[in-house]
Every structure is written in C-alpha cells, then in structure tokens.
Amino acid sequence: MRLWSRELWRLGLLAGLGALAGWPLSAPGLGLAVGLALCLLHHLRRLHALHAWLTHNPQAEPPAAGGLWGELFDRLYRYQKGQRLTQSRLRSTLKRIQESSEAMRDSVVMLDRHGDLEWWNSAAARMLGLQAAHDRGQHVTNLIRDPRFVAYFNARDYRDPLTLPSPIDERLILQFQITLYGDDERLLMARDITRLHRLEQMRRDFVANVSHELRTPLTVLAGYLETFSSYVAENGADRLPPRFARGLSQMQEQTTRMQNLVNDLLLLSRLEIDQGGDDHTPLAMDALLESVRRDAEALSAGRQRITVEVEEARRLIGSEQEIRSAISNLAFNAVRYTPQGCQVTLRWKPHPQGACVEVEDDGDGIDPVHIPRLTERFYRVDKGRSAATGGTGLGLAIVKHVLLRHDARLEIESRPGRGARFRCVYPAARLAAPESVASA
C-alpha cells in the first residue's frame, strides 16, 4: 500500500509542477499535460525494460528499478526462480521415472486419453515390437490388433488382466493390464508369463492324462467289486467273514468316490482347455431347474424340502450340459451340507445386470472367512464332513469355470446359522426372449 501511495504522490507532484511551470505562460493545462507525459514516459521505459528482460534473458538479474516497478521486478524474478526450481525437480523426477521404467522387465506403455501411444520403455519395444520412429502417436489397437485386446480396451473394465500371445511372437505369452489415471489417460503394462503359462499347461495336461488313465483300472475294479457283491447277495452274506464283508463294502464306496473324483477332474480339465461355445442354445430354465430338483430330491431321499421358483420368463443362452452341471453342483452341495428338515430353493429371477440363478438354503451357513476360497480346487470348509458326504472338493471350481465360459460370475452370501445363498449372475447379452415370443 505504501508503494502505491508513493506512486500516486509522484504522479500528483509531476502534474502539479507541470501546471505551475505553465502558469507564468498562461498555459497551466499544457504544463499539466507535460507532467503527465513525463510520468507516462517513465512507465513506458519500465515496460520496455520488463519486455526486454522477459524476452531476451529471463534467467538474468531483473533490471534495476525503484518503487512499484522495483517491487514488481523482484516479485517476477522470485516467481520465475521458483518456477525454474519446480521444473528442475519435475524433470529430475521424470528422468528417474523413465530410468526406473527402463530398468523394469515388464513392458510399460503410456497412452493419452484417445488411446494413442505417447511413451514406452525398452521392454515394450522388445515384447510388442514398438518403434519410436513409426509408432509414436499411433492408436494402440492399430499395433495390438487381437480382437480380444480390442474388446478389452474398449470395455474400460480393467479389473482383471488379459492373457494373449505377443503381437510379434506367438511363442511369447503376455499378461496385459490397463490402469486409468489423470485425464482419462491409460497406462498399459505387459508381463511375460510364458514360463508360468507352460507350467500351467503342463499341470492341466498332467491332470487330464492321469485322470484319463485312472478311468480304466477304476472301471475294472468297480466291475469286479459289483460282481462280487452280486455273488454275495445271491449266496448269502453269512458265507463271508464279517471283516471281508465290511472290506468289500468299503472298497465299493471308495471306488465310487474315486470314480466321481476322476470324472470331476476330467470335466474341469475340459472346461479349462476347451474354448466351448459350439453347443450354446436358448435354454428353458424352468424345465432345467425342475430336472435338477428331481436329481437333488433323489440324493436327499426326503431329508430336505427342495422347491423351484421361476420369476424370469427369458431364456438363458448357453450349454445345457455345462449349465446343468453348475446348478447341480450347487444344489447337491446344499443337500449334502444342510441338516435334515432344511429348505433348499432353486430360483431363476431377474437381476439389475440381467438374470441370475440362486440356490438358497436355511442350513448352518458358512463363516465369511472361507468364502473367498470356496472356488479353489479341493478346498473344504469342514474336511471331515466333506469326506463323509462323498464330496470331491471340485464342485465349486467347476461352477466357477462354467460361469466364466458364460460371461457370468458367482456371488456367495452366507452367515453362520443363517443359511447360504449362491447366486450365478448372467449378463443381459446372455438372455433370449421367452419361447412363446421367439416362436411368434
């Protein structure tokens, strides 16, 4: 405020002196104009000095000046100096980020809000074949043209990674992950998982081959055991010592259990390896659920009450064999693991995202700590009870893979003592019009 007061006093002084100088000449107005002109000339000189400083050498010391202009020069100089320090720190930070990205074994690609390539590290050039001279500014889908990647990029749902071969070498298996940041910009990362992919493929092949090879000896054992059991039944069980009769019964039970385990392993291997989709047709869910209910009632033998509720008229597009297998696994689990007298409900109903199948019971429920791991192979909440009921520990893993092949997901809601609800949520794209409407 003092600087402004001083400038106003200086302006008034020049105007007054000019008017006084013109008074003897009977031209006070002319003298006033000369005084104001001198003041304007002073400010124009300072503006010229400011312009020359900012234009030609802004990093040098500011021009010497006093009063308001001196304060203005000092403030601009301090601001520029702070900006230079900030820019220096930012350049240093960007340099360290680029150096650290260059040191990474994973590919890092920066995309602008339109999906055009801005920058990438050397690993990306090696894995994806990017060339700075030709590819900078290109849209990423022009370089990675796999339809699965294009759909993944446009879907904007990047919660799960995408596994694809490298666009320049099909032997190289990459896992792509996109992250949104800034002003709708994207960071694309690709990791080489070729070794893990091969190990996973070896595991799948091993499980499939071993399971297939076990079927023949198990079939032979089951056949002979059935023959022995028929012979004993025809000739009287009292001819065998009790120890042999008990052993024959246990061998039959364990052989049946092993056959169920092998069948589930083979089914799981087929779901993992086979792409599927060839047998997808619109399914009448009321008839399908009713068929599953009858099978569940046969397993229950009257221990539980099993009902079907259909609140959705649309049909589900999918593989009848796979959908039946998934729902049957959920229904059979509800029968096996709920006490006598409980209610089990199979339900087909609308959902905000499409439609869903629910298998609900009012049994003992499941502790929430187990829910994240229920779809893992061979994971059991109660190992002793699962073994007693004949479960293989693969049912929910099969359900998970069936749903993945149908663009669906599994939701589990349960509390100890409050029962459990398993919900298979299918997107609207998987639904077809009711049969009567479609035929019309």
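- The closest donor-acceptor contact from the side chain of Thr227 to the backbone of Gly223 lies under 3.5 Å.
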Show every donor-acceptor pair shorter than 3.5 Å between a side-chain atom in residues 170-178 and any protein atom, with sequence neighbours excluded, or say none if there are none.
unit_1 : atom_1 : unit_2 : atom_2 : d
Arg171 : NE     : Asp169 : OD1    : 3.2
Gln177 : NE2    : Tyr158 : O      : 2.6

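- Applying side-chain contact (heavy atoms from CB on, under 4.5 Å) to Thr338 and the options Gln304, Gln343, Arg303 leaves one that passes, Gln304.
- Ion pairing between a basic and an acidic side chain is recognised when a charged N comes within 4.0 Å of a carboxylate O; Asp192 and Arg105 show no such pairing.
- A side-chain donor-acceptor contact under 3.5 Å links Asn329 to the backbone of Ser325.
- The closest donor-acceptor contact from the side chain of Asp367 to the backbone of His370 lies at 3.5 Å or more, if one exists at all.
- For the side chain to side chain contact (heavy atoms under 4.5 Å, CB included) test, residues two or more places apart in sequence or in another chain that qualify with Val150 are Thr141, Asn154.
- His406 places no side-chain N or O within donor-acceptor distance of the main-chain N or O of Ala408, the cut-off being under 3.5 Å.
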Exercise. Would you check, one step at a time, whether the test side-chain contact (heavy atoms from CB on, under 4.5 Å) holds for Leu403 with Tyr426?
Key: CA-CA 8 Å; Leu403 295 183; Tyr426 298 91; 3.4 Å; yes
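- Between Tyr181 and Met110 the shortest heavy-atom distance is OH-CE, 3.3 Å.
- His401 places a side-chain N or O within 3.5 Å of a backbone atom of Ala397 that can act as its donor or acceptor partner.
- A salt bridge (Lys or Arg N to Asp or Glu O under 4.0 Å) with Lys349 is found for exactly one of Glu358, Glu312, Glu309, Glu311, namely Glu358.
- The shortest side-chain heavy-atom distance between Val308 and Asp286 does not fall under the 4.5 Å cut-off.
- No side-chain heavy atom of Val359 sits less than 4.5 Å from a side-chain heavy atom of Arg421.
- Without hydrogens or angle criteria, Arg415 side chain to Ile366 main chain gives no donor-acceptor distance under 3.5 Å.
- Distance CG/Leu374 to CZ/Phe422: 6.0 Å, rounded to 0.5 Å.
- Put simply, the side chain of Leu283 does not reach to within 4.5 Å of the side chain of Ile317, judged on heavy atoms.
- Under the 3.5 Å distance criterion, with hydrogens and angles disregarded, a donor-acceptor pair is assigned to the side chains of His280 and Arg430.
- A donor-acceptor pair is defined here as one N or O able to donate and one able to accept, closer than 3.5 Å; no such pair exists between the side chain of Asp135 and the backbone of Gln138.
- Arg324 has no carboxylate O lying under 4.0 Å from a charged side-chain N of Glu322, or vice versa, which leaves the two without a salt bridge.
- Counting heavy atoms of neighbouring residues, nucleotides and ligands inside a 6.0 Å radius, atom CZ of Arg136 exceeds 12 of them.
- No side-chain heavy atom of Leu346 sits under 4.5 Å from any side-chain heavy atom of Thr307.
- Residues Thr375 and Val399 form no side-chain contact, since every pair of their non-hydrogen atoms from C-beta on lies 4.5 Å or further apart.
- Counting only distance, with no hydrogens or angles, the side chain of Tyr337 and the backbone of Phe332 share no donor-acceptor pair below 3.5 Å.
- Within a 6.0 Å sphere centred on CZ of Arg191, heavy atoms belonging to other residues, nucleotides or ligands number 12 at most.
- Contact of the Asp361 side chain with the Thr345 side chain is not registered, since no non-hydrogen atoms from C-beta on lie closer than 4.5 Å.
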Quiz item: Step by step, would you call Asp184 with Arg156 a salt bridge (charged side-chain N to carboxylate O under 4.0 Å, His left out)?
Solution: CA-CA 11 Å; Asp184 204 28; Arg156 299 178 64 84; 2.7 Å; yes
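- Using a 4.5 Å cut-off on side-chain heavy atoms (C-beta onward), Trp348 and Arg315 make no contact.
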Practice problem: Walk me through it: do Arg96 and Ser92 pass the test side chain to side chain donor-acceptor pair (under 3.5 Å)? | Solution: CA-CA 6 Å; Arg96 289 197 300 271; Ser92 177; 2.8 Å; yes
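- Checking side-chain atoms of Ser300 against main-chain N and O of Ala296 turns up no donor-acceptor pair under 3.5 Å.
- When side chains are defined from C-beta on, Pro167 counts as touching Leu128, because their heavy atoms get closer than 4.5 Å.
- Under the 3.5 Å distance criterion, the side-chain polar atoms of Asp112 are left unmatched by any main-chain donor or acceptor of Gly137.
- In summary, Arg293 and Asp295 do not engage in a salt bridge, as defined by a charged side-chain N under 4.0 Å from a carboxylate O.
- Heavy-atom neighbours of Glu376 CD from other residues, nucleotides or ligands within 6.0 Å: above the threshold of 12.
- In Tyr79, the OH atom is not crowded: 12 or fewer heavy atoms of neighbouring residues, nucleotides or ligands sit closer than 6.0 Å.
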